[in-house]
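Working notes, beginning with the structure itself.
One-based numbering along the sequence shown. Scope of the values below: all heavy atoms of this structure, side chains included, with no hydrogens, waters or symmetry mates. Counting starts at 1 for both ligands and their atoms, in listed order.
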Amino acid sequence: MPRYIFITGGVVSSLGKGLASAALGALLQARGYKVRLRKLDPYLNVDPGTMSPFQHGEVYVTDDGAEADLDLGHYERFTGVSAAQSDNVTTGRIYSDIIEKERRGDYLGATVQVIPHVTNEIKDFVLSDAGEDVDFVLCEVGGTVGDIEGLPFFEALRQLRQEIPLGETVHIHVTLLPFIKAAGEMKTKPTQHSVKELRSIGIQPDILLCRADREIDSGDRRKIARFCNVRESSVIQGLDARSIYDVPLAYHAEGLDREVLTHFRIDEPPKADLTRWTEISEKLHNPDGEVTIAVVGKYTVLPDAYKSLTEALVHGGIANKVKVKIRWIEAEAFETGDQAALLSGAHGILVPGGFGERGAEGKIKAVQYARESDVPFFGICLGMQMAVVEWARNMAGIETASSSEFGEGGENIVGLMTEWTKGNERMERNKDTDLGGTMRLGAYPAKLTKGSLVEIVYGVSTIEERHRHRYEVNIDYKDRLEQSGLIFSGLSPDGVLPEIVEIPTHPWFIGVQYHPELKSRPFEPHPLFAGFVGAAVKQSRLV
Ligand code: GLN
């Protein structure tokens, strides 16, 4: 049976709980342990699939097609362990399961209540099979202690600490130590209050991870330990790091993993091998140059909306030992603005995924600019669809080419993939539920054309990548578009769904229907991002 580490947060949100969980997972791995990370989200949405990226950041997609919280992306990037549907649960999912059971009569007449029914479901989620030989399951609870919707989750953790054998659980609470300028002092009171709140619902944390913008002095540590009833060595400081990929090293230096293991009474744990992280840090902080990538998208005001994309570009930078500077460009501004000025100095142009018509014409213009001026171009999902539309309009003589996502009126060369609902178990399951259900979600294979740029970039001929979209480029247009020079270099194994397009006469022009950014890791940069940033490096030497 695995051991369990619970991670909760207090004082304010955005303290980097997800990152702390991911970093701790990576540190335990570095000591040779096998880990699995899970996220419990107290919000009422059944999953984040229908939530606006403006509100909740990107929707992360797992291999098995779950639309999940973006923290699962951190977990995967730091540990390399592929997350699954069974690693993320929300209040909405739990209630919808319970109500389904209640309607079926499964509760045999019992009054259905938060305790025990909701808490039991939460406990079942935490304890569900984590995979073979997993040593530690790390469970992070979203939100902050004191939130009304979080209560059943905290109660479930409280119960679990009594039910799991003694010494097999550790509770880490992440808090904030603000520095008050006027007083010239760091204040421990918010942390004291947060722990008080936690203790009032029956949870005594073992370890406090205190986020601060400067060193915590020994007097403050002692005070926190005393007032919060933890050992002094269990007050761990979490200072702001230069890069998120420095966090595992920083927390290791502060003794986080050692302290966790001490609480588990593992007194002589295997030594941590942190080579992977020191190498990444080395490359990140000593780049040989810098490239600028222009990202022409729709959610550019909220960086979290493109979290995995941003990180994958950083990984592409690590692969080429350069710093990647991202220039966010609002696609709508691109429609009317001076495009050349907006893009001047960019060594690569990326059009990411997105939904809806707003900004589409701007994205098409960005594609055209990249194509005509030989600037490396990378189109992802909607970005690939826009690349095909641009080519159809300007190179293949289909002047009104468009996507049915933008309504009728044009010649829709991108359309709904109704075919996918037939006989596809994952699609059938969700078909008539909601908007989130009509998508092609999760990992699907694709075959790459021999001798194409993507085949060289990947170095293999079959790939598997994660999808999240409703529309597909219509295969019936393949011949016509290929005759004018756009190559369909990746197709679904049955040859029906276009997965990748490229322009062989262009220095680096690739559009992909899937989301490669979801599978990129700092220690294993995705080949497409490594290739794209590599092409941008070449471009930077030309201009
Ligand atoms: N809106 C497009 C579709 O549904 C693209 C989706 C995306 O970019 N993730 O097909």
Side chains of residues 92-100: which donor-acceptor partners sit under 3.5 Å, not counting sequence neighbours?
from, atom 1, to, atom 2, distance (Å)
Glu100, OE2, Arg104, NH1, 3.4

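For the pair Arg466 and Tyr514, the cation does not sit on the ring face, since its NZ or CZ is not both under 6.0 Å from the ring centre and inside 45° of the axis. Geometric assessment of Arg77 against the ring of Tyr75 yields a negative cation-pi assignment under the 6.0 Å and 45° thresholds.
At a heavy-atom cutoff of 4.0 Å, ligand 1 is surrounded by Gly353, Gly354, Phe355, Cys381, Leu382, Gln385, Glu405, Arg468, His469, Arg470, Tyr471, His515.
Classification of Arg470 and Glu405 as a salt-bridged pair fails, no side-chain N sitting under 4.0 Å from a carboxylate O.
Using a 30° and 60° split on the angle between ring planes, His467 and His469 fall in the tilted class, from 30° to 60°.
For Glu399, the CD atom counts as loosely surrounded, since its 6.0 Å shell holds 12 or fewer non-hydrogen atoms of other residues, nucleotides or ligands.
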